[in-house]
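Working notes, structure below.
Model, not experiment: these values are computed from the prediction.
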Amino acid sequence: MGNDRERKSAIDRVLESSLALFAFDTLSSVLIVVMIGGFLFATSGVWSPVVAVESGSMQPHMDVGDTVFVMEDGRFPGPGSQGESGVVTAHTGRKTGYRTFGGYGDVIVYQPDGNETATPIIHRAMLWVENEENWYDRADSTAIGNADSCAELVNCPAPHAGFITKGDNTVTNSRYDQVIGISDPVKPKWIVGTAEVGVPWLGQLRLARG
């Protein structure tokens, strides 16, 4: 009888110790995640500071499933950035030599037409246009389809000031977003942030979970 009680007491102590260790490990893991999230937010200035690439529109510089660290666009502006936006366009980047993700200018994450419920787009800022500007002559002729004039080009003249954007994939994204109707010229307030660092395939789990 005494041995049974001692054995049960020993088992109870082991279980209590195991539960305490499990609780400690769980709490430690949660705290670590919170600390990392807080650090990323403090560094980037945006939440969530990481996004998963969902399409191949930025290939070959970003692939589906890549995780991209995003920073507030005005936090560390590059040379020749547009106004207070902190975004350097590809047009300006060619002059200053400023490059990110294998191309000139900044890659931005933006809400199409400012719609906060829509899936954000991650594309390169190509050029800045002013309100009512005829930007046809400044456009890349390969990115405007068959348009022969501003009158034949969607969003020309520009309905408001903003960025003309485009994916780097020249096969599936040969034209500007504003030409194919993904979004009007991107206003600075529609920008979530600029893409800073990419980690291959890390976002596959996030995509799998939807």
Side-chain angles (χ1 to χ4, degrees), residues 32-82 85-112 115-116 118-128 140 142-143 162-178 180 182-183 186-210:
I32 290 172
V33 170
V34 170
M35 289 175 64
I36 292 175
F39 172 76
L40 291 176
F41 175 71
T43 303
S44 68
V46 298
W47 188 262
S48 159
V50 292
V51 296
V53 178
E54 298 184 15
S55 76
S57 66
M58 284 297 292
Q59 289 177 336
H61 305 125
M62 294 180 186
D63 290 314
V64 176
D66 287 0
T67 286
V68 178
F69 178 70
V70 181
M71 183 173 292
E72 185 180 22
D73 48 299
R75 181 152 292 202
F76 299 107
S81 59
Q82 177 60 45
S85 72
V87 174
V88 180
T89 65
H91 183 266
T92 299
R94 291 189 185 93
K95 300 176 182 178
T96 63
Y98 178 79
R99 298 172 63 90
T100 63
F101 289 92
Y104 291 110
D106 278 314
V107 175
I108 63 174
V109 178
Y110 73 89
Q111 298 162 334
N115 185 352
E116 297 181 0
T119 300
I121 305 295
I122 181 167
H123 279 176
R124 195 174 300 275
M126 303 304 294
L127 64 151
W128 172 266
D140 182 342
T142 65
F163 292 98
I164 302 299
T165 54
K166 180 180 174 298
D168 287 356
N169 191 328
T170 57
V171 177
T172 61
N173 286 78
S174 60
R175 293 178 293 169
Y176 295 127
D177 298 347
Q178 289 65 36
I180 60 179
I182 291 179
S183 175
V186 179
K187 297 179 180 180
K189 65 181 180 181
W190 298 350
I191 298 175
V192 177
T194 55
E196 300 297 327
V197 179
V199 181
W201 302 108
L202 191 60
Q204 287 288 0
L205 179 60
R206 184 172 182 176
L207 293 181
R209 292 174 59 188

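Looking at D106, its side chain never comes within 3.5 Å of a backbone N or O of I108 through a donor-acceptor pair. Between the side chain of R99 and the backbone N or O of G93 there is no donor-acceptor pair closer than 3.5 Å. Side chain of H91 to backbone of L127: no donor-acceptor contact under 3.5 angstrom is found. Side chain of Y98 to backbone of T89: no donor-acceptor contact under 3.5 angstrom is found. Side chain of D66 to backbone of D63: a donor-acceptor contact under 3.5 angstrom is found. A donor-acceptor contact shorter than 3.5 Å is absent between the side chain of K166 and the backbone of R124.
Contact check for M62 versus F101: side-chain heavy atoms found under the 4.5 Å cut-off. V107 places a side-chain heavy atom less than 4.5 Å from the side chain of I122. Annotation: side chain of T194 is in contact with side chain of V87 (closest heavy-atom distance under 4.5 Å). Residues M126 and D140 have side chains not in contact (no heavy-atom distance under 4.5 Å, counting atoms from C-beta outward). Under the 4.5 Å side-chain criterion, counting only non-hydrogen atoms from C-beta, I191 is in contact with V186. Counting heavy atoms from C-beta on, the side chains of E54 and T119 come closer than 4.5 Å.
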Step by step, would you call T67 with V51 a side-chain contact (heavy atoms from CB on, under 4.5 Å)? CA-CA 6 Å; T67 286; V51 296; over 6 Å; no

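Closest heavy-atom contact between G56 and V64: N-CG2, 3.6 Å. Here the closest heavy-atom approach between residue A125 and residue F163 is recorded as CB-CD2, 4.1 Å. Scanning both residues, P112 and I182, for their nearest heavy atoms gives CB-O, 3.6 Å. Between M58 and H123, the closest heavy-atom pair is SD-CA, 3.9 Å.
Side-chain contact of N169 with S57: a donor-acceptor pair under 3.5 Å is absent, judged by distance alone. For the residue pair Q178 and T165, a side-chain donor N or O sits within less than 3.5 Å of a side-chain acceptor on the partner.
When ring centroids are compared, Y110 and W190 stay outside the 6.0 Å threshold.
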